[in-house]
**Q** 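One structure, pasted below without further comment.
Sequential numbering from 1 along the given sequence is applied to the chain's residues.
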Amino acid sequence: MNEYMEKNETHSRNIPRPEFPRPDFIRERWESLNGEWEFSFDEPVFDRKILVPFVYQSVMSGIGEEEDHDVVWYRRRFWVEREGLAEGRLLLKFGAVDWSAQIWINGVLAGDHKGGYTPFELDITELVTDGANEIQVKAEDFKNADKPRGKQTWTGERFGCWYTPMTGIWQSVWLEYTGKTYITKIKITPNINDLSALCEIFLSCDGQKRAQVRLYRDEGRVLMSEQMAVCCHGYGKVSFTFPDYDLRRDLLLWTPKTPNLLDVVVELEADSILGRNEGGSKTPEDRVQTYFGMRSIEASRGRLVLNGSDYYQRLVLDQGYWPDSLLTPPTDEAIKKDILLTKEMGFNGARKHQKIEDPRYYYWADKLGLLVWGELPSAYEFNDRAIKASVGELMAFVERDYNHPCIVTWVPINESWGVRLIKGSLQQQNYSRMLLYLLKSMDPTRLVSANDGWEQVSETDICAIHDYALFPDSIEKYDIMNEILRKRAESRMVFADGQEYQGQPVVLTEYGGIAFEEDNSSGWGYYGRVKDEEQFLERLRPITEFLLRSGKFSGFCYTQLTDVMQEVNGLLSPDRVPKISVKCLAEIFGGRTN
């Protein structure tokens with residue numbers, strides 16, 4: 001036992017991504033299982049080592065091999081003190097495993113999961129013993145295209161704007177200790193029109209329980225509300241109301257300039273003798289801390305409206321790749337640095353392209369004040385399996401990240417990827433509508449860009465246009481905006497057959513993509529390259545000023561934040577080194593609007 005503990009202590013000192021993985025759902029008793037695991041390809045022979053949570057294709061995993069393997073295996077030991085569990089439960093949590101996973105605890109199958117971008121958990125209380133325990137994970141990730149892949153190539157090689165794929169565990173793994181009955185979800189819906197917020201509580205049991213709910217501001221220093229929720233059949237709710245802040249609403253509402261967050265603590269009341277402390281008073285059976293922001297986003301009068309005021313969205317397309325860790329952020333600081341650089345360059349938001357991001361990205365966007373568009377990674381073949389897998393990932397995405405005020409728009413489809421016949425196919429148009437209305441039913445607080453870029457259905461909340469052929473000498477094509485909306489901006493129709501513009505805000509959600517001649521010679525950008533910063537600015541400045549000042553657009557999204565492998569059209573290198581003066585970019589992207 002001592003030998004194992006010594007090894008475990010050494011391991012914990014060198015753990016990668018040691019921070020708590022879900023800062024929007026915090027329990028105090030937890031243990032990270034990141035670090036070195038035994039690993040093998042194809043069969044459970046465990047002849048190699050890997051550093052979790054990095055995939056074997058990444059350098060940071062300690063392996064860094066890009067050869068495709070459909071099946072990978074993981075194994076490690078962890079320590080449990082059964083006495084410390086008392087009447088409680090032990091949950092094993094995975095941030096994300098691509099694509100499907102089976103988990104064994106001490107040789108017994110504990111459960112499985114399908115979906116490469118979303119979390120899952122297993123109650124392993126009855127499977128662990130006092131002392132050392134063993135976990136094995138089998139991950140399968142076949143190259144079929146009828147599941148959400150995002151920017152992961154499925155052809156065996158990189159091509160176009162598709163990159164090195166990932167296989168297996170790529171987000172944190174950890175243990176959480178809970179009560180016998182525990183909180184599974186806290187969902188908070190703000191309403192700034194009447195200055196209220198609905199807090200819904202979901203529990204693991206079907207009986208009746210009481211939950212104490214406290215609301216704080218100023219990072220927990222000021223108690224604003226304290227209520228008791230009676231939860232029947234595992235569900236309860238309370239409503240918070242706020243005083244009228246009138247001219248001081250910047251002290252309450254969340255915006256990129258005033259990213260105010262409100263903390264919520266939910267304590268599940270114990271109902272047994274074992275739930276009492278030495279003084280005889282009850283200690284909570286379970287306790288979770290979360291947060292939310294008072295924020296609204298609407299489409300009104302052809303404009304995007306944040307908290308009741310017109311708000312021009314200045315977004316950058318961000319694919320969330322790093323050269324040595326691929327889709328897994330290498331550190332928490334790396335996430336924070338990306339957001340700070342985004343803001344320093346004059347943007348107030350990011351479109352997280354084809355990736356459901358690490359939860360800590362959304363946390364830092366909440367804290368630092370950055371709007372985010374959340375996008376479902378695309379499948380590339382349309383059939384029943386693709387529909388089922390995409391719906392499952394989308395629902396899990398919304399459920400996990402509902403409370404983040406930074407997220408203002410959902411993007412279920414991009415550029416007709418996976419629905420290549422949508423222009424004329426009623427079936428695929430109905431699929432787009434289904435995703436839109438599914439999102440609306442789960443989340444009435446955000447907008448939906450139904451098929452971002454082209455061939456949209458009439459019901460979309462945002463008219464999103466992609467136009468990489470926008471140059472200083474072609475700006476005049478938008479003089480007749482109605483013609484663009486009826487036809488095309490670049491190569492594809494803006495709306496699908498039988499669909500039409502309904503007065504939505506128009507946002508140019510992809511443009512730019514300018515590459516330099518000196519960048520990777522085998523890489524590419526859109527419509528040729530520029531030789532230096534002067535040529536870059538001569539191309540960028542006029543079109544961005546037009547987007548800001550013409551009055552025809554409610555926002556833009558510049559492609560892109562960083563170079564990604566063969567796509568070398570980023571404002572930053574893969575190592576996050578600016579190619580252009582950040583101050584100069586801030587003057588352009590942060591310029592005034594009419």
**Q** Pro472 versus Glu538: any side-chain heavy-atom pair under 4.5 Å?
**A**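 Heavy-atom side-chain distance check fails, nothing below 4.5 Å.
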**Q** Parallel, tilted or perpendicular for Trp417 and Tyr380, by the 30°/60° rule?
**A** tilted
**Q** Counting the benzene-type ring for Trp, do Trp410 and Phe397 have ring centres under 6.0 Å apart?
**A**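 Here the rings of Phe397 and Trp410 have centres that are less than 6.0 Å from each other.
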**Q** Look up atom CZ in Arg76 and atom CH2 in Trp37, then write down how far apart they are to the nearest 0.5 Å.
**A**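 Going from the CZ atom of Arg76 to the CH2 atom of Trp37 covers 6.0 Å.
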**Q** Using atom types as modelled and distance alone, determine if a side-chain donor or acceptor of Thr544 lies under 3.5 Å from a backbone N or O of Leu540.
**A**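 Side chain of Thr544 to backbone of Leu540: a pair is present.
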**Q** Could you walk me through whether His466 and Glu490 pass side chain to side chain donor-acceptor pair (under 3.5 Å), step by step?
**A** CA-CA 7 Å; His466 294 182; Glu490 187 177 354; over 6 Å; no
**Q** In terms of ring plane angle, is the pair Tyr558 and Phe589 parallel, tilted or perpendicular, where the classes change at 30° and 60°?
**A** tilted
**Q** Salt bridge or not between Asp358 and Arg17? Use side-chain N to carboxylate O under 4.0 Å.
**A**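 A salt bridge links Asp358 with Arg17.
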**Q** Using the side chain to side chain donor-acceptor pair (under 3.5 Å) rule, pick out the option among Arg492, Gln456, Glu455 that qualifies with Ser416.
**A**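 Single side chain to side chain donor-acceptor pair (under 3.5 Å) partner of Ser416 among Arg492, Gln456, Glu455: Glu455.
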**Q** For the residue pair Phe553 and Tyr312, is the inter-centroid distance of their aromatic rings smaller than 6.0 Å?
**A**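 Not close enough - the centres of the two rings lie 6.0 Å or further apart.
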**Q** Under a 3.5 Å distance rule, please check whether Ser61 uses its side chain to pair with a backbone N or O of Phe54 as donor and acceptor.
**A** no
**Q** CG of Leu571 to CG of Leu585: how many Å apart, nearest 0.5 Å?
**A** 5.5 Å
**Q** Using every non-hydrogen atom in the two residues, find where Ile407 and Arg295 come nearest and quote the distance to one decimal.
**A** O-NH2, 3.0 Å
**Q** For residues His404 and Tyr363, establish whether the separation of their ring centroids is below 6.0 Å.
**A** no
**Q** Okay, side chain of Thr167, backbone of Val71: is any donor-acceptor separation there less than 3.5 Å?
**A** no
**Q** Aromatic rings Tyr526 and Tyr468: how do their planes relate, parallel, tilted or perpendicular, breaks at 30° and 60°?
**A** parallel
**Q** Check whether Asn594 reaches the backbone of Arg549 with its side chain - one donor and one acceptor, N or O, closer than 3.5 Å.
**A**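 Such a contact is found between Asn594 side chain and Arg549 backbone.
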**Q** Measure from the side-chain N and O atoms of Thr290 to the backbone N and O of Asp24, and report whether any donor-acceptor pair falls under 3.5 Å.
**A** yes
**Q** Hey, is CD on Glu476 packed in by over 12 heavy atoms from elsewhere, all under 6.0 Å?
**A**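 Enclosed.
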**Q** For this output row, return yes or no: ring centroids of Trp154 and Phe159 closer than 6.0 angstrom.
**A** yes
**Q** Looking at Asp318 and Ala350, would you say the former's side chain and the latter's main chain have a donor-acceptor pair under 3.5 Å?
**A**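 Side chain of Asp318 to backbone of Ala350, a donor-acceptor pair under 3.5 Å: no, none is there.
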**Q** Enter the distance from Gln152:CD to Trp99:CH2 here, rounded to the nearest 0.5 Å.
**A** 10.0 Å
**Q** Is Lys367 salt-bridged to Glu219, cutoff N-O under 4.0 Å?
**A**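 Salt bridge: yes.
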**Q** Check whether any side-chain heavy atom of Leu572 lies under 4.5 Å from a side-chain heavy atom of Leu561, and answer yes or no.
**A**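 In contact.
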**Q** Is any side-chain heavy atom of Asn451 closer than 4.5 Å to a side-chain heavy atom of Thr460?
**A**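 SC-SC contact between Asn451 and Thr460 ruled out.
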**Q** How far apart are the C-alpha atoms of Ser378 and Gln354, what are their side-chain angles, what is the distance that settles it, and do they pass the side chain to side chain donor-acceptor pair (under 3.5 Å) test?
**A** CA-CA 7 Å; Ser378 294; Gln354 289 296 294; 3.1 Å; yes
**Q** Looking at Tyr361, I'd like to know if the NZ or CZ of Lys352 sits under 6.0 Å from its six-membered ring centre while staying within 45 degrees of the ring's axis.
**A** yes
**Q** I'd like to know whether NZ of Lys114 has more than 12 heavy-atom contacts from other residues, nucleotides or ligands below 6.0 angstrom.
**A** no
**Q** Rounded to the nearest 0.5 Å, what's the gap from CD1 on Ile475 to CG on Leu547? Could you check?
**A**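 Reported value, rounded in 0.5 Å steps: 7.5 Å.
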**Q** Does atom NZ of Lys583 have more than 12 heavy-atom neighbours, drawn from other residues, nucleotides or ligands, at distances under 6.0 Å?
**A** no
**Q** Under 4.0 Å between a side-chain nitrogen and a carboxylate oxygen: does that hold for Glu38 and Arg48?
**A**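 Salt bridge absent between Glu38 and Arg48.
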**Q** Is it true that Asp250 and Lys257 have a side-chain N and a carboxylate O under 4.0 angstrom from each other?
**A**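 Here Asp250 does not pair with Lys257 in a salt bridge, since their nearest N and O are not under 4.0 Å apart.
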**Q** Measure up the Phe556 and Phe347 rings against each other and bin them: parallel (under 30°), tilted (30 to 60°), perpendicular (over 60°).
**A**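 Rings of Phe556 and Phe347: perpendicular, over 60°.
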**Q** Mind running side chain to side chain donor-acceptor pair (under 3.5 Å) on Glu66 and Tyr56 for me, showing each step along the way?
**A** CA-CA 8 Å; Glu66 295 190 14; Tyr56 78 81; over 6 Å; no
**Q** Please find the pair of heavy atoms, one from Pro53 and one from Ser172, that lie closest to each other, and give the distance.
**A** CB-N, 3.8 Å
**Q** Please say whether more than 12 non-hydrogen atoms of neighbouring residues, nucleotides or ligands are located less than 6.0 Å from CE in Met493.
**A**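 Yes.
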**Q** Got a salt bridge between Lys93 and Glu176, using NZ or NE/NH1/NH2 to carboxylate O under 4.0 Å?
**A** yes
**Q** Cation-pi check for Tyr402 against Arg446: NZ or CZ below 6.0 Å from the six-membered ring centre and within 45 degrees of the axis, yes or no?
**A** yes
**Q** Quick one: which residue pairs count as a side chain to side chain donor-acceptor pair (under 3.5 Å) with a foot in residues 325-340, not counting sequence neighbours?
**A**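 Matches after skipping sequence neighbours: Asp332-Arg360, Asp332-Trp364, Asp338-Arg576.
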**Q** What is the minimum heavy-atom distance between Trp73 and Asp42, and which atoms define it?
**A** NE1-O, 3.3 Å
**Q** Angle class for the Trp170/Tyr117 ring planes (parallel below 30°, perpendicular above 60°, tilted otherwise)?
**A** perpendicular
**Q** Would you please indicate yes or no on a ring centroid separation below 6.0 angstrom for Tyr321 and Tyr163?
**A**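 That pair passes the under 6.0 Å test.
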